[in-house]
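Written out below as structure tokens is the structure these notes cover.
Basis for what follows: all heavy atoms, side chains included, without hydrogens, waters or symmetry-related copies.
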Amino acid sequence: MATAGYRGGAGASAGRMGEAARAAERAAQHRRAKVLLPLLAAAAAVVGWAVASVGNWQLGLAAAAVVAGLGIRRLYRRAHNSWSLGAAGEVRTARLLAPLVRRGHAVVVHDRAIPGSRANLDHVVVTATAGVVYVDTKTWTSDRSRLTVQGGTLRYGRYDQTRALQTVQWEADQAARALGVPVRALVAVHGAKVPAPRGRLDLGTVTVVEAKRLRGLLRSLPPQPGWDSARMATVGQLADRKLPPAS
């Protein structure tokens, strides 16, 4: 049963998508290189000859090497890969949850498929007292954007996150349908500061919290009737069966 922290496959599906995107990017770079490298070599030779003509051959060679190096670096520059960034965030969330598993306070399954859908669940946390919580990881690390709340609407930079939060609630509802128990929706944010006291913000039925405060929030949830260690284990096993690993 995949329950122990990030070893349970957290971020696996996003990681595979990131690897596929990187492979496609690298293939495109190789195709461009077949056309551009001869031009770059010619440009480096011209610059080197020009510098050597007014200086010496060592300076010309150095200038040619600099032009070639800068050109190759730009040609193979790695683009922003949101899938890989998201996978890394899911792994960090799993590591934050792992102590709860080790201490017997929770059972966690990571990166699970939603039956009948192409969507996946980042982390389903079954606690011994508060029931089931669905944790969606968001990695928002842009230096030029921050989280704000305007008229009850969460924004990251200029982007409205209403639909993203609705999706998180829908995912929690699908987990509840599969498990036959209520599931609370929660978003763990890496990078950005949540603009609320204690880094926690309740927006409708979804709670947004800074990832570093995630464990504390889970421990502070009010106990729900009928939950204990035995039921936690039973529902955790059910989650492992009903929610297969995402492909």
Side-chain angles (χ1 to χ4, degrees), residues 6 10-26 28-29 32 73-97 110-114 117-125 133-175 183-218 246:
Y6 67 94
S13 59
R16 287 191 292 271
M17 294 296 292
E19 290 169 1
R22 178 56 179 156
E25 177 188 41
R26 181 66 77 181
Q29 289 170 334
R32 290 195 298 270
R73 181 178 179 181
R74 183 173 182 81
L75 179 61
Y76 283 98
R77 181 173 56 187
R78 189 164 186 168
H80 174 78
N81 189 323
S82 59
W83 287 108
S84 295
L85 190 66
E90 289 179 39
V91 170
R92 287 196 295 271
T93 298
R95 287 173 175 160
L96 291 170
L97 294 170
H110 304 287
D111 199 18
R112 295 304 171 115
I114 295 175
S117 168
R118 298 181 64 183
N120 71 292
L121 302 162
D122 291 350
H123 321 273
V124 178
V125 183
V133 180
Y134 168 56
V135 179
D136 182 83
T137 291
K138 300 295 185 191
T139 304
W140 288 324
T141 58
S142 172
D143 293 332
R144 293 173 293 181
S145 301
R146 62 189 182 92
L147 280 177
T148 58
V149 179
Q150 302 172 11
T153 299
L154 182 68
R155 293 182 180 274
Y156 178 53
R158 61 189 177 89
Y159 296 102
D160 185 339
Q161 297 301 314
T162 299
R163 185 163 184 176
L165 297 183
Q166 289 172 344
T167 298
V168 171
Q169 182 58 60
W170 177 83
E171 291 167 343
D173 291 343
Q174 300 314 300
V183 176
R184 177 171 181 154
L186 195 153
V187 175
V189 177
H190 293 275
K193 181 177 177 61
V194 174
R198 296 169 295 165
R200 170 183 172 175
L201 183 64
D202 293 310
L203 292 166
T205 55
V206 180
T207 299
V208 181
V209 64
E210 293 171 6
K212 64 184 179 181
R213 302 176 185 270
L214 175 60
R215 277 202 309 270
L217 172 58
L218 291 172

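- For Arg92 and Thr137, the side-chain atoms include no donor-acceptor pair closer than 3.5 Å.
- In this structure, the separation between OG1 on Thr162 and CG on Leu154 is 7.5 Å, given to the nearest 0.5 Å.
- You'll find the side chain of Ile114 reaches within 4.5 Å of the side chain of Leu121, heavy atoms only.
- Considering every non-hydrogen atom in both Val133 and Val183, the closest pair reads C-CG1, 4.1 Å.
- Shown here for Ala164 and Lys138, the closest heavy-atom pair between the two residues is CB-NZ, 4.4 Å.
- Side-chain contact check for Asp122 versus Asn120: some heavy-atom pair is nearer than 4.5 Å.
- Taking CG of Asp136 as the start and CD of Glu90 as the end, the distance is 8.0 Å to the nearest 0.5 Å.
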Is there a side-chain hydrogen bond (donor to acceptor under 3.5 Å, both in side chains) between Thr93 and His190? Walk through the geometry before answering. CA-CA 8 Å; Thr93 298; His190 293 275; 2.8 Å; yes
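- Taking each heavy atom of Leu147 and Lys193 in turn, the nearest pair found is CB-O, 3.7 Å.
- Here the CG-CG distance, from Leu186 to Asp202, works out to 9.0 Å after rounding to the nearest 0.5 Å.
- Note that CG of Leu165 is 7.0 Å distant from CD of Gln161, once rounded to the nearest 0.5 Å.
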Output, in order, the C-alpha distance, side-chain angles, deciding distance and verdict of side-chain contact (heavy atoms from CB on, under 4.5 Å) for His110 and Leu97. CA-CA 10 Å; His110 304 287; Leu97 294 170; 4.2 Å; yes
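- Closest of all the heavy-atom pairs between Glu171 and Ala119 is OE2-CB, 4.5 Å.
- Of the inter-residue distances, the one linking Arg198 atom CZ with Leu217 atom CG reads 9.0 Å to the nearest 0.5 angstrom.
- Taking each heavy atom of Leu214 and Ala188 in turn, the nearest pair found is CD2-CB, 4.2 Å.
- Between the OH atom of Tyr134 and the CD atom of Gln169 there is a distance of 11.0 Å, given to the nearest 0.5 Å.
- Closest non-hydrogen pair, Lys212 versus Leu96, comes out as N-CD1, 4.4 Å.
- Contact of the Tyr156 side chain with the Val189 side chain is not registered, since no non-hydrogen atoms from C-beta on lie closer than 4.5 Å.
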